[in-house]
2 protein chains.
Amino acid sequence: MKTIKIPDAAIARLALYSRPLRALLESGVSVISSEKLAQFCGVNPAQVRKDLAYFGEFGVRGVGYDVGDLLREIKKILATDKEWILCIVGIGNLGHAIVENENFRKMGYRFAAAFDKDPKKAGEELPCGLVIEPVSKLRELIRALHIQIGVITTPPDAAQRVADLLMDAGINGILNFSPTQVKTPKGYVIENVDFTVRFENLAYHISKVP
Amino acid sequence: MKTIKIPDAAIARLALYSRPLRALLESGVSVISSEKLAQFCGVNPAQVRKDLAYFGEFGVRGVGYDVGDLLREIKKILATDKEWILCIVGIGNLGHAIVENENFRKMGYRFAAAFDKDPKKAGEELPCGLVIEPVSKLRELIRALHIQIGVITTPPDAAQRVADLLMDAGINGILNFSPTQVKTPKGYVIENVDFTVRFENLAYHISKVP
DNA sequence: TTTTGTGAAGGAATTCACAGCA
DNA sequence: TGCTGTGAATTCCTTCACAAAA
């Protein structure tokens, strides 16, 4: 079977394209050119066209792309046109921020369970309505609630252990926000986010500016 | 002047390398090979050597890299060997999580001011000891406190406006956590983080797994 | 012997430039 | 005419493979 390799960066850009598309749709703009969309996202117009072309022909020559159609197509490609059921492990400040985040629910991500190893936290009710569960119930709840994605917001030294637990419980997609690289065997999908890296990037670049 | 271009990805990886180095240093390991370090970070050993070689010769042939020295060198390169003074704008859940984050202080990032446009929040004291200031005092405080980096954790529709304010007040590095691409003129450094993109990446990849 | 540092090779991703179509 | 879709060209990044050094 012939499969053209799709750059991972292209996938990330599709998500980026969807942001202005959403805004344009709301403000009633119905058609947009690759040129304009590229401008919004700070990329090259050819890049936009090529990224979209990996998945089909969504535009009309001489005209551009229909905003609504394109947004729908991108959602379909990214599989964000359906609801995803998540759980989160580690309810510190960051865990809190993520589980309560408005944007996520709007995007179709639904947190169905929140875990913390601190026995003092278990039983506590979060503003979103979820009750914090002890990690001992992880396996059981993941199965019962059909949870598909696990989000890790524990300290770094617990991250790999939690990831192993999640995978063992049947989850195959993990988002790790702790500043350590979690490893997974084949068949599992891991996104290591570590945004502290971005601070370091910033520091590097600023220190180069005269 | 001859400048070999250093890939942005190389900078991000330097930060990645520093994570296991820190841990190794604490556990008393004094020397590490590119092979081992690469394993920890899930990259190619030649990559590690090449990334480091952009900045100098830090290793000893036949031996490896001194953990302490290498960590120090990486910090120097990333300019995280000095203290950075930051402010944050938008004290919602995420802003809270970032300003309170332990890791940042350890890494030498010091938040000196927190702003929110909500007048009800102004005056409120955060657990870290900072008092939330109204955005109207942004310019004055940035100058008075010698703030160098601005972190944006507002809703997306306010992000660009806040960025403009920050730049106008004399800041030249911005970290934007809202899911929109903030643009800056030349001479300013911007990192658009948008980790909701990572959720979409994950959804895409999971939906491809059988 | 072992492991770094690096030129050369190879591979990927981006951009160009234009044919193709509305 | 105007803008997409795409092969070709280019640029950029990664990996190989080996000389150099401890």
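Atoms considered below: every heavy atom in the structure, side chains included; atoms not considered: hydrogens, waters and symmetry mates. Since the structure is predicted, the reported quantities are computational estimates derived from the model, not experimental observations. First the proteins, then the strands, lettered A, B, ... as listed; each starts at 1.
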How close or far is atom [atom2] of [N] from atom [atom1] of [X], stated in whole angstroms?
X        : N      : atom1 : atom2 : result
Asp66(A) : dT4(D) : CG    : C1'   : 15 Å
Glu57(A) : dT4(D) : CD    : C1'   : 8 Å
Phe58(A) : dG5(D) : CZ    : P     : 9 Å
Asp69(B) : dT4(C) : CG    : C1'   : 15 Å
Phe55(B) : dT6(C) : CZ    : P     : 14 Å

- Item | 5' precedence on DNA chain D between Gly59(A) and Val60(B) (nearest-nucleotide basis) | Gly59(A)
- Given side chains that start at C-beta, do those of Asn172(A) and Met167(A) come closer than 4.5 Å, heavy atoms only?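 Of all side-chain heavy-atom pairs linking Met167(A) with Asn172(A), none is under 4.5 Å.
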- Message: Any donor-acceptor pair under 3.5 Å linking the side-chain atoms of Thr180(B) with those of Arg19(A)?
- Response: no
- Query: Do the ring planes of Phe177(B) and Phe199(A) sit parallel (below 30°), tilted (30 to 60°) or perpendicular (above 60°)?
  - Reply: tilted
- Task: Inspect the contact between Arg105(A) and Glu102(A) and indicate whether a charged nitrogen and a carboxylate oxygen are less than 4.0 angstrom apart.
- Result: yes
- Task: State whether Asp81(A) and Arg72(A) are salt-bridged, where the test is any N-O pair (Lys NZ or Arg NE/NH1/NH2 against Asp/Glu carboxylate O) under 4.0 Å.
- Result: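 No salt bridge links Asp81(A) with Arg72(A).
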- Let me see the working for Ile77(B) and Leu14(B) under side-chain contact (heavy atoms from CB on, under 4.5 Å), right down to the final yes or no. CA-CA 9 Å; Ile77(B) 295 162; Leu14(B) 286 185; 3.7 Å; yes
- Message: Taking the six-membered ring of Tyr204(B) as reference, does the cationic atom of Lys208(B) (NZ for Lys, CZ for Arg) lie under 6.0 Å from its centre and within 45° of its axis?
- Response: yes
- Base versus backbone protein contacts along nucleotides 10-19 of chain C [heavy-atom cut-off under 4.0 Å; B, S, -]: ---SSBBB--
- Message: side-chain contact (heavy atoms from CB on, under 4.5 Å), that's the test. Do Leu126(A) and Glu100(A) meet it? Break it down for me.
- Response: CA-CA 8 Å; Leu126(A) 296 167; Glu100(A) 300 292 341; 3.6 Å; yes
- Looking at residues 190-197 of chain A, who's got a heavy atom less than 4.0 Å off DNA chain D? none
- Query: Should we count CZ of Arg143(A) as having more than 12 external heavy atoms under 6.0 Å?
  - Reply: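 Correct, the count exceeds 12.
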- Which residues, if any, of residues 19-28 of chain A bring a heavy atom under 4.0 Å of DNA chain C?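 Heavy-atom cutoff 4.0 Å gives no residues at all.
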- Return no unless some side-chain N or O of Ser34(B) is found under 4.0 Å from OP1 or OP2 of dT3(C). no
- Query: So, is Tyr65(A) close to the dG5(D) phosphate, meaning a side-chain N or O under 4.0 Å from OP1 or OP2?
  - Reply: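 Tyr65(A) to dG5(D) OP1/OP2: side-chain N or O found under 4.0 Å.
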- Query: Is the ring centre of Phe40(A) less than 6.0 Å from the ring centre of Tyr17(A)?
  - Reply: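 When the ring centroids of Phe40(A) and Tyr17(A) are compared, they turn out to be at least 6.0 Å apart.
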- Query: So how far is it from Tyr65(B) OH to Glu57(B) CD, rounded to the nearest 0.5 Å?
  - Reply: 9.5 Å
